[in-house]
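Numbered from 1 within each chain, the chains take letters A, B, ... in sequence-line order. Predicted model only: the values in this text are computed from it and were never measured.
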Amino acid sequence: MSDQENYMLKINNLRTSFFTPVGEVKALNNVTFAMKEGDVLGIVGESGSGKSVTSYSLLGLLAYPGKIVGGTIRFNGHEIEKKTEAEMRKIRGDEVSIIFQDPMTSLNPVYTVGNQIVEVIRLHTDKDAAAAQARAKELLELVGINEAEKRLKQYPHELSGGMRQRVMIAIALACEPKLLIADEPTTALDVTIQAQILELMIELKNKLGMSIIMITHDLGIVSNMCEKIAVMYAGKILEYGTVDEIFYTPRHEYTKGLLRSIPNLMDREHKKLVPIEGTPVDMLKPPKGCPFAPRCESCMRICLEHMPEVVHFSDTHYSACWLNQKDEWTKESVEA
Amino acid sequence: MTEPNTKIPSFHLKLTPEDFAPATREERESLVTMRESVGFWQDGFRRLSRNKIAMTSLVFILIIMFFSFIVPFFYPYNYSFQIRGAENLAPMTYSAEEQASIDAGESVFPHVLGTDDLGRDTAIRVMMGSRISLLVGLVASIIVLMIGSTYGAVSAYIGGWTDLIMMRIVDIIYTVPDILIIILLSVTLKFPLQRLANQPGFEWIQLLGVNLISIFIVFALLYWVGMARIIRSQILILKEQEFVTAAKALGASNRRIIKKHLLTNAIGTLIVTTTLQIPSAIFTESFLSFLGLGVAAPMPSLGSLASDAIKGLNSYPHRLMAPALLISAIILSFNLLGDGLRDAFDPKLKN
Amino acid sequence: MGKYILKRIAMGLTTIFIVITLTFFLMNLIPGGPFMAEKAISAQAQAAMNEKYGLDKPLPVQYKNYLVNLTKGDLGVSVKQRGRDINGIITSKFPVSARLGGASILMALIVGIPLGSIAAINRGKLADNIIIVIATFGIAVPSFVLCTLLMYIFGVKLNLFPTYGLGSLKHYVLPVFALAFYPTAYIARLMRSSMLDVLGQDYIRTAKAKGLSTFVLLFKHALRNAILPVVTYLGPLLAYTLTGSFVVEKIFTIPGLGSEFIGSISGRDYPLIMGTTIFLATLIVTMNVLVDIAYKLIDPRIKLQ
């Protein structure tokens, strides 16, 4: 904790729950991670693993009946979990902004692109209408949209999906945020457009120097863009490490499963793709042990009873899996 | 770097090597809490039975049905019989003659809601009026259901130009002001229908009343378009799904595909739309009866009872209350039941 | 867009034509034809009448003549109110109904839209529940029930408002309330579900992520999208108000076109029934066409098609 003040974002034991009529859904369970300025973190997991809830908690965007029930979020000097909605509004879109998954539905259909970009500039800066308009044009050029002047006057439905996602990025970057959250920004796009958008994001990151949280279920995207990866499952971070650590020395069975299930063009041996069997956990009734245990190939008895504790393998690499401690325990018993 | 929640492997748990033995498949599966899988109907009915408002409405409708279809058979008074000397009685009062019989030790059934200006028992007239309302609602909805679903399904299933033309017809009928046409038909159909009723074999027309039949004809002509549109859009979605292709590949005929696969899958929507059609038909009938275009006297309807009651509003306000409140309660119950059915059976709104 | 407007107008004209044709031929089902007065006329007088109104000619010719007169804007002559042409009756009576109906439509929109929005924003809370209950009752109570109850309670019992005619502003209170109650409830329900739908849309989440205030969120981003279904309801709303005025005008004895129409039905003034039906139907269909076109203008997504 020596260099705590260097962290731009520090989330500690964050717990978020949704209070549904059928019971409390613990969407986040002691999520902990930290980011420095300029870091690019990938959060990987299946749908329902809590990736998006993490970012919504950070943005104060949790919709009713969702609520932060514990833990702390320090972001850019703010104690986010203590902020009121009015205070959060000043931070959102200014210091931290987000790009959503589906650009087709994320822009308001009845207003022009220009209107929607100018809106956020005028909200968080004291630019006048003309200056904001100029800035909006500049932003569109920045995200690689030609004929910016003309595009500003167009409605979202007149633009292609890739173009709309560029507009979303322009809106997100309008006030030069410290942190950009990209929530599956390419999932809804064609493969060729996906590559363009990712390239643009890397380019913008290098140009503007903001930090990025990349939320995705696609390990391929993460390996290209991110420095660190958090693997989430059932509201928990099961493994955390640098890209190399995660890809070459994964220490959690779930991570290994994810890696086995992605195709690799470079593979000469035509390895078989292995899907992870089973279905994600029912978050209303989470198992008391490791959430992945029921689907885990190497599941042990202990896994069904107790949640494994976090074990560190390096300064940056940790995971929560009983297998990490198996040798230790079985060895001990031999000695005894 | 140290993480705040970093812990060295804890030893407060009493662990043995046994714990690290592989878990069997059974042990693993015992932990997976599977939601029990329930069928469409089971699921729907369970949801419906949990919906208190819908169930209350259903019970209310059943009670009204009992009173309007069964009770009149053994009720001591008749809806058209004029009891001499018992005109304009207040609720629970008796005519002089009846009072005399009571004094003589005979038992006389009370006029629960009083009598009207012709000495007819109001309670039985309200029951008969509800019968008309319910009958109109149910029959009209069935007509609408049959015509609308067939038309919509055929249009969607054939597609192409046929669909285009069929839907253009629907569009036009949709914009025809229905109440005006209903009034027009009630005014004009009377004559040919009456002529027809005099022919042998058509006496039943007189029984139902010419106006009632015109109302049904209007429903058959105009009201099915909403149903046809809804069914068409449902079928269009279903049509694209794989099981239809599969059935086609197996050589099922068009008719069979529509009946067996498409309509059964659209059944939730059918039930809901039909139920919600009932109150709107009742609404229209009472509106027409109120204007004097509904069922023929002496047959009462809730609308005509309310209309009659206005004339004596100052002296006999109670005559208005029973039909007015009843018609509102019936429409309300069907609306609420329809909403409940939609929540329970319409897959579009599921979850 | 121009093509769409033309298509829509063509469809509207078709509908009006169908209504006119239907009206004409239905009226001819009446023994003696629509232009025939009641019995008690000598055969000679009848023949003279027939000749005067062209009733001696075959049906297709009568139909053609009727259509030709309609294109000139001539709806014919009433058989009950001697010497009065139907155009005159409509121009003198319709303004009364229009004032009543206009006030009701205005009230339904002004009250219904905010009620529905408030319910949606406070989903699941007390305000929402209260509004749902009111709206649910609102669409279940037929106008004649509401009219008579209002008349009894406020007119007869409490004697707060006049229940007869449309003399002063006070006269409007009960009839407008009675006529506007159902559409207000309907619009509130429509607006609530549409608002809930819009509030769940991704672009609202985007607007929230920008840090916009609730006010801007609702009034700029949500309302304009949520109000579209209400615009499409304007056509049916007009139809409801016009036909609803039959009952309301009858009960409150308001000398408008509605009570005139009801009077023409009970008096069997067939040409007047025909004329009024065609006039009202044309009005409603025209409104439907205008609303459809307006809808396309409001929603930029459809502009290009």
Side-chain angles (χ1 to χ4, degrees), chain B residues 53 168-169 171-195 221 279-280 282-293 302-303 306-307 309-310 313-315 317 320-321 323-336 339, chain C residues 11-12 14-16 18-19 22-23 25-31 34 136-137 139-149 151-152 155-157 163 182 235-236 238-240 242-244 246-247 250-251 261-262 264-266 268 270 273-274 276-278 280-285 288-289 292:
Chain B
I53 295 174
R168 198 56 77 235
I169 294 171
D171 286 344
I172 288 173
I173 296 179
Y174 208 79
T175 49
V176 169
D178 42 21
I179 295 278
L180 285 174
I181 301 296
I182 293 175
I183 290 174
L184 208 61
L185 285 173
S186 315
V187 171
T188 53
L189 280 184
K190 216 182 296 176
F191 302 99
L193 279 177
Q194 237 139 33
R195 219 177 301 144
L221 285 176
S280 108
I282 294 177
F283 210 105
T284 308
E285 187 278 332
S286 67
F287 176 85
L288 291 176
S289 293
F290 185 83
L291 291 180
L293 294 167
L302 292 178
S307 176
I310 290 184
L313 193 57
N314 286 319
S315 336
L320 173 67
M321 296 306 158
L325 295 180
L326 202 55
I327 189 82
S328 309
I330 290 175
I331 294 173
L332 181 69
S333 309
F334 274 108
N335 275 335
L336 292 174
D339 287 348
Chain C
M11 260 183 67
T14 316
T15 311
I16 292 170
I18 289 173
V19 171
L22 203 64
T23 310
F25 286 102
L26 278 175
M27 283 296 166
N28 271 286
L29 290 176
I30 297 161
T136 310
F137 278 97
I139 61 161
V141 181
S143 54
F144 69 84
V145 171
L146 191 64
C147 277
T148 43
L149 288 181
M151 185 153 148
Y152 180 67
V156 178
K157 277 274 152 191
T163 60
Y182 175 89
L238 180 77
Y240 172 85
L242 288 176
T243 49
F246 301 163
V247 162
K250 182 188 166 187
I251 295 176
F261 186 55
I262 297 306
S264 72
I265 291 170
S266 44
R268 301 192 188 174
Y270 298 117
I273 299 177
M274 272 173 89
T276 317
T277 303
I278 289 167
L280 292 178
T282 308
L283 205 65
I284 292 168
V285 172
N288 273 322
V289 173
D292 276 6

Worksheet item: Taking side chain as C-beta onward, heavy atoms only, is B/L302 less than 4.5 Å from B/I330?
Response: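 Of all side-chain heavy-atom pairs linking B/I330 with B/L302, at least one is under 4.5 Å.
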
Practice prompt. Determine whether B/L180 and C/F246 make a side-chain contact, defined as any pair of heavy atoms from C-beta on separated by less than 4.5 Å.
Written response: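 They are in side-chain contact.
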
Discussion item. Atom CD1 of residue position B/I53 - does it have more than 12 heavy atoms of other residues, nucleotides or ligands inside 6.0 Å?
Written reply: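 No, the 6.0 Å shell around CD1 holds no more than 12 heavy atoms from other groups.
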
By a 4.5 Å heavy-atom criterion (distance strictly below it), what part of [X] contacts chain B: side chain, backbone, both, or neither?
{"X": "C/L280", "value": "both"}
{"X": "C/F261", "value": "side chain"}
{"X": "C/Y182", "value": "side chain"}
{"X": "C/A281", "value": "both"}
{"X": "C/I284", "value": "side chain"}
{"X": "C/L242", "value": "neither"}

When heavy-atom pairs shorter than 4.5 Å are enumerated against chain B, which of [options] gives the highest number?
{"options": "C/T277, C/T148, C/N288", "answer": "C/T148"}
{"options": "C/T14, C/V247, C/V19", "answer": "C/V247"}
{"options": "C/I273, C/V141, C/V289", "answer": "C/V141"}
{"options": "C/L22, C/T23, C/L146", "answer": "C/T23"}

Practice prompt. Establish, yes or no, whether the cationic atom of C/K250 lies under 6.0 Å from the six-membered ring centre of C/F144 and within 45° of the ring axis.
Written response: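 No - C/K250 does not lie over the ring of C/F144 by the 6.0 Å and 45° rule.
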
